[in-house]
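This report concerns only the one structure given below.
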Amino acid sequence: MDPYLDPRKAIIRCCRWLCRHGYFGSLRSAGGNVSVRIPDEPLLVITPSGRPYMDLVPEDICVVDFDLRPVAGGLKPSIETGMHAGIYQDRPDVGAVVHTHQPFASIFALINQSIPALFDEVVMAIGHTVDVVPYAFSGTPELVGKVRQTIVNGCFCFILQNHGALNLGASLDQAWKNAELLEKTAQAYYHALATGRPITTLPAETLQRIGPPS
Ligand SMILES: [Zn+2]
């Protein structure tokens, strides 16, 4: 009996949905990665490197410890595994990480612009801002360091400059839902900016009432 079967299957289900909805760039690519924390253990379950997501089977999904040592699975884990492990170490409130190359959030990765508080139901889920993590090459310790510096704001979504998006959640369902909320917000904000008209953000008293994301 595989003790990691449930999170492995959940990751595949999430990846297939993200793939079909364009969050990874294309059906045949693997532009992103998804992981889940194993509760009460310094372990994470994560997608392998360079495998088309539509073809994955549970035993392809890797299990590693926070020092990136393999625990289960024969494939090479995602090159961004260090980023996922760093997030779990710094944010005990995070149980899953969904890194995507989702289209509208990627626009803000190119114009290097954070997304402010625009919709109350989004702010309740992901926090008051979607900040930009400054650029560093994929899979490098430099990128891990920049991510760890930015996630201290306690929010659940981030833009990776010239790269893509990072969606966190207490569970995989929440991180997945946050990816959708970020894309909806980025899409609306992009189109609003394109009108050239002033954009209203949520009033300060609303942000106070909402408080930190839950
Ligand atoms: Zn990426």
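Start at 1 and go down the list; that is how both ligands and their atoms are numbered.
Side-chain atoms of Q161 never come within 3.5 Å of backbone atoms of P134 as a donor-acceptor pair (strictly under, hydrogens ignored). A donor-acceptor pair under 3.5 Å is formed between the side chain of R91 and the backbone N or O of G154.
Using a 4.0 Å cut-off between charged side-chain N and carboxylate O, K184 and E180 make no salt bridge.
The ring pair (Phe, Tyr, Trp, His ring centres under 6.0 Å) analysis of residues 103-127, with sequence neighbours excluded, yields the pairs F104-Y190, F104-H191, F108-Y189.
Counting only distances under 2.8 Å, and ignoring water, the protein N, O or S atoms around the Zn ion (ligand 1) are H99 NE2, H101 NE2, H163 NE2.
A parallel orientation is assigned to the rings of H21 and W17, their planes being inclined by less than 30° (bins at 30° and 60°).
A donor-acceptor pair shorter than 3.5 Å can be found between the side chains of T129 and D131.
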